[in-house]
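Everything on this sheet refers to the single structure shown next.
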Amino acid sequence: MARRQYPFHLIEPKWQQRWEKEGTFRAWNPGETIPADHPFGVRHGLSGKAPSGSQLPPKFYLLDMFPYPSGAGLHVGHPEGYTATDILSRYRRAQGYNVLHPMGWDAFGLPAEQYAVKTGQHPRLTTEANIANFTRQIKSLGFSYDWSREVATTDPEYFRWTQWIFLQLYNAWFNPETRRAEPISTLVIPDDCDTPARQRAYRDDRRLAYVSEAPVNWCPELGTVLANEEVVDGRSEVGGFPVVRKSMRQWMLRITAYAERLLGDLEGIDWSESLKEMQRNWIGRSEGAVVDFAVCGAGKRITVFTTRPDTLFGATYLVLSPEHPLVASITPPERGAAVAEYQAHAAGKSDLERTELSKEKTGVFTGAMAINPVNGESIPIWIADYVLASYGTGAIMAVPAHDTRDHEFAEKFGLPVVQVVEPPQGREWRGYTEDGLAVNSSSSRVSLNGCSTAEAKIRIVSWLESQGLGRRTINYKLRDWLFSRQRYWGEPFPIVWRRDADGSLYSEAVSDRELPLVPPPLDDYKPTPDGRPPLARASDWVTLPDGALRETNTMPQWAGSCWYYLRYLDAHHGGRFVSEGAESYWMRPRSDAGGLPPGSPGVDLYVGGTEHAVLHLLYARFWHKVLFDLGHVSTPEPFFKLVNQGLILGTDGQKMSKSRGNVVNPDEVLAEYGADAFRLYEMFMGPLQDVKPWNTQGVAGVYKFLGRVWRLFIDEASETEFEQACAGDPANSAGYASGLRLASNVQDVPADVFQSKPLHLCIRKVTEDLEALRFNTAISALMIFVNEAIAWEVKPVEVLRNFLQLLAPFAPHLAEELWEKLHQNHPSGRVSLSYSPWPTFDPALLVEDTLEIPVQVNGKVRDVIRVAATATHIEMEGAALASEKARPFLAGKQVRKIIVVPRKLVNIVAA
RNA sequence: GCCGAUGUGGCGAAAUGGCAGACGCAGGGGACUUAAAAUCCCCUGACCGCAAGGUCAUGCGGGUUCGAGUCCCGCCAUCGGCACCA
């Protein structure tokens with residue numbers, strides 16, 4: 001280990017303990033009494049008071065994606081985002097905001113459960129141990145979290161409200177008229193639902209949380225179903241186990257009702273365009289039409305969805321998905337065996353096989369024919385697994401001339417291909433899928449010939465509508481959210497099942513008063529042998545005295561993370577998930593921000609990894625909108641600004657992983673360089689959003705910078721004495737530290753212009769860069785200042801004070817320590833650095849009298865001249881033409897033009 | 001295949017259309033030291049040249065402009081997402 005640049009091993013624990021003891025980073029809710037000596041109260045004149053929301057300074061809410069506390073502990077990727085938000089939190093506090101900066105644990109999850117299955121140890125114990133380790137690691141980095149607001153999704157006092165929100169969904173429906181969720185009591189039940197059972201069924205069919213018997217992704221290895229989003233290439237996202245289709249009764253959340261709002265509201269929030277695009281693609285809105293085809297002789301109709309109704313004349317066959325409900329009834333007996341065989345074949349394929357075998361199309365003819373409504377022609381009806389049951393109507397009209405998939409299928413099975421779109425000159429019509437002019441699209445009923453694609457779409461849809469054969473419609477790729485899991489370590493559903501007089505099963509919400517509903521203790525955490533979830537093992541718990549049975553599924557891990565940012569606002573409220581006062585103060589922007597910009601609606605800045613670009617962020621937005629509709633929160637969107645930090649790669653430029661052996665453990669970096677150097681390096685590596693490789697020598701570089709900062713302040717002789725004393729008696733190091741003195745050239749004298757100018761340049765650069773999240777260049781500005789200041793004969797206290805304020809967000813421990821030393825001789829007493837006002841720069845100091853101006857000849861720099869900042873156009877031109885160095889390049893040429901950019905450059909164009 | 005991002009020294013990177021490479025790492029030289037470490041100072045894109053200086057250079061090829069890393073068009077590569085969604 002190299003020689004220590006400065007005693008960070010003493011400084012860092014000292015300040016972490018002091019911050020914790022003094023509650024320095026407690027954020028105050030409206031109505032809370034602020035203790036007399038708290039620095040926030042001192043700064044804002046609120047000591048000992050209990051200010052209302054409007055008496056408090058404006059809020060700023062900086063949120064990190066809370067981690068899953070895994071057994072492996074923190075890796076260097078976690079603190080990247082945490083450091084960024086911490087720097088901004090400290091900066092905003094200095095500016096005068098009331099900053100909310102909390103941390104917690106996304107603590108339900110499979111690893112603890114799998115460990116329980118193996119060892120019998122309750123997942124809670126595993127989870128608690130992991131949380132303790134994560135807490136230790138995160139605290140060692142000196143983040144200014146308000147730990148009094150810590151939450152864990154596994155805490156019954158937390159998940160009682162997760163269960164409560166589920167009941168809000170269960171007890172609500174989506175009113176298509178108002179386009180918002182409303183209490184289920186507002187649902188008008190039609191008269192023909194004339195029995196209680198029918199009325200119940202009508203309501204249950206419209207709840208935002210409902211039960212559905214549907215094909216799901218079953219993972220035998222994990223013993224649970226998975227959401228579509230959790231299945232990657234036919235395997236489970238967690239563990240990579242095969243997933244098969246299986247029809248099961250499952251809880252679903254009606255997120256599709258919100259598709260349009262989830263899409264439209266992306267407009268108003270400050271997320272990166274690429275992230276918004278990922279959400280848009282996931283929602284997958286597409287405009288088109290549904291068209292009815294009559295089945296020959298059967299009196300039945302098949303409805304297809306198409307985005308190209310203009311190509312209806314080219315529809316030469318229909319394809320149903322193998323699972324389509326009409327398949328059995330339209331298939332004539334002689335084709336029954338072949339069709340059934342194909343259906344079985346398709347059903348037997350796992351998702352993995354479906355994906356892998358997708359290169360070659362398969363299908364069979366059902367033997368049935370349909371009528372193309374535009375020209376009365378009979379066309380065959382096929383089934384094929386390239387048509388998905390779960391999208392659109394599960395049936396398509398095939399237009400092989402103008403759809404790649406249909407074309408492939410028609411080629412293979414020798415089906416007719418009819419051109420109906422004329423491409424631009426020189427393009428082949430076969431397989432042409434873009435817009436063109438309609439051709440061969442005319443019958444006694446309707447004609448589209450000569451129309452552009454856009455026009456033809458409009459015309460055919462209005463014809464279909466007039467004939468009652470179809471209508472314009474919009475489809476989404478987004479599916480309803482499969483919300484139940486067959487696991488132990490998750491939130492139990494607050495639902496019981498009863499039978500009515502007819503013996504049919506129905507669900508009923510558990511009363512709010514019974515929450516939290518805590519999972520029962522088990523001896524064995526495996527699913528039951530017959531495949532029921534682990535909770536089914538607890539028969540005493542499952543069966544209620546009145547014979548009702550508890551739901552034994554649990555909620556997915558996403559549930560807890562859908563609303564944790566709301567619980568932070570009021571983490572210990574016993575009567576509500578968040579009090580109205582706290583919600584309103586922290587989520588609403590302020591009009592009367594007292595000179596500060598007002599902040600933004602919802603979370604002001606949310607930082608986390610791209611891996612949550614669709615799942616967590618879409619689910620959380622959905623829940624938030626439901627809570628908004630039901631009047632529980634005051635903003636339609638939860639996260640106003642969102643930034644994805646880039647991945648940190650190993651030193652080999654590869655993704656860090658245990659198997660590659662390139663994982664960097666923060667504990668080791670901290671032991672050698674300290675938390676401040678670690679934080680600084682995480683930010684100095686490059687732009688926050690970029691992917692970048694770790695380089696241990698880079699840490700050494702910023703560490704050296706902190707050493708220079710230390711030597712800028714501290715007397716060398718006292719440093720040498722301190723080191724010698726420590727070497728002789730390491731146990732008393734902390735005691736010797738009081739002997740460290742400020743350097744004698746740190747003096748309370750006015751700064752000269754050569755000192756105040758670099759300082760103010762630094763203030764401007766750091767301030768602007770922090771606003772724009774450019775941490776790397778802000779740090780470089782600090783380095784430039786220190787490189788200059790270290791050479792000064794005399795160092796004015798006022799300049800150093802300002803510098804420490806700029807440094808504090810990045811390297812808070814060192815800054816606090818030096819700040820304390822700087823103030824120990826000042827009778828005004830110690831002022832808390834954490835709440836000292838952010839310095840402002842004086843533009844007057846930054847005005848230059850003369851400027852260096854490059855002189856170009858034909859765009860190449862030939863000289864640099866010095867001109868007065870106020871130089872006129874003519875003066876600059878003259879000075880440039882007078883340049884000795886530029887002259888040779890003008891020899892024998894005629895000056896055609898002179899470009900003068902004031903304060904920037906002169907370019908002489910000559911030929 | 002589709003969508004998105006990125007491409008600049010040996011490395012991490014910086015640059016409102018106006019001196020490309022700030023800041024840092026690594027490397028080289030020097031000071032201090034008995035010596036080393038630490039620290040401090042200087043050099044460090046490539047090529048040509050003794051030097052002064054010059055030429056080339058921001059993935060590749062074009063274009064716009066007095067001037068392009070930056071804007072436009074067409075490619076290539078890497079990374080991320082989606083992928084039979086009709």
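All values reported here derive from a predicted model rather than from experimental measurement. Naming convention: chains lettered A, B, ... in sequence-line order (proteins, then strands); numbering from 1 in each chain.
Candidate nucleotides B:rC66, B:rC3, B:rG12 were compared by shortest atom distance to the side chain of A:Lys897, and B:rC66 ranks first. Side-chain atoms of A:Gln5 lie closest to B:rA38 of the nucleotides B:rA13, B:rG18, B:rA38. Closest approach to the A:Val387 side chain among B:rA86, B:rG12, B:rC25 is made by B:rA86 (side chain taken as heavy atoms from C-beta onward). You'll find that the side chain of A:Lys692 is closest to B:rA13, out of B:rA13, B:rG24, B:rC3. Residue A:Arg774 places its side chain closer to B:rA15 than to any other of B:rA15, B:rC19, B:rG12. Nearest nucleotide to the side chain of A:Leu388, out of B:rG12, B:rA86, B:rC23: B:rA86. In the set B:rC23, B:rC82, B:rC84, B:rC23 carries the atom at the smallest distance from any side-chain atom of A:Ile784. Closest contact between the side chain of A:Lys904 and the listed nucleotides B:rC25, B:rU16, B:rG12 involves B:rU16. Across B:rC82, B:rA22, B:rU39, the shortest atom-to-atom separation from the side chain of A:Lys704 is found for B:rU39.
For the residue pair A:Asp406/A:Tyr386, the side-chain donor-acceptor check at 3.5 Å is satisfied. Donor-acceptor pairing under 3.5 Å is recorded for the side chains of A:Trp710 and A:Glu719. Side-chain N/O atoms of A:Gln279 and A:Arg621 include a donor and acceptor closer than 3.5 Å. A donor and an acceptor atom, one from each side chain of A:Arg479 and A:Ser390, are located under 3.5 Å apart.
Using a 4.0 Å cut-off on heavy atoms, the residues of residues 303-314 of chain A that approach RNA chain B are A:Phe305, A:Thr306, A:Thr307, listed by number.
No salt bridge links A:Glu768 with A:Arg774; every basic N to acidic carboxylate O contact stays at or beyond 4.0 Å. Using a 4.0 Å cut-off between charged side-chain N and carboxylate O, A:Arg4 and A:Glu672 make no salt bridge. A salt bridge links A:Lys412 with A:Glu360; the closest basic N to acidic carboxylate O contact falls under 4.0 Å. Classification of A:Arg280 and A:Glu273 as a salt-bridged pair holds, one side-chain N sitting under 4.0 Å from a carboxylate O.
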Output a table of nitrogen or oxygen pairs between the protein and nucleotides 54-57 of chain B separated by less than 3.5 Å.
| residue | atom | partner | partner atom | Å |
| --- | --- | --- | --- | --- |
| B:rU55 | OP2 | A:Arg862 | NH1 | 3.3 |
| B:rC56 | OP2 | A:Lys860 | NZ | 2.9 |

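Looking at which nucleotide of RNA chain B each of A:Glu277 and A:Thr610 is closest to, the 5′-most match is held by A:Glu277.
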* **Under the 3.5 Å Watson-Crick or G-U criterion, the dot-bracket string of RNA chain B, with | for inter-strand pairs** => (((((((..(((.....[....))).(((((.......))))).((((....))))..(((((..]....))))))))))))....

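For the atom pair A:Ile899 CD1 and A:Leu905 CG, the distance stands at 9.0 Å (nearest 0.5 Å).
On a pure distance criterion of 3.5 Å, a polar donor-acceptor pair joins the side chain of A:Lys361 and the base of B:rC84.
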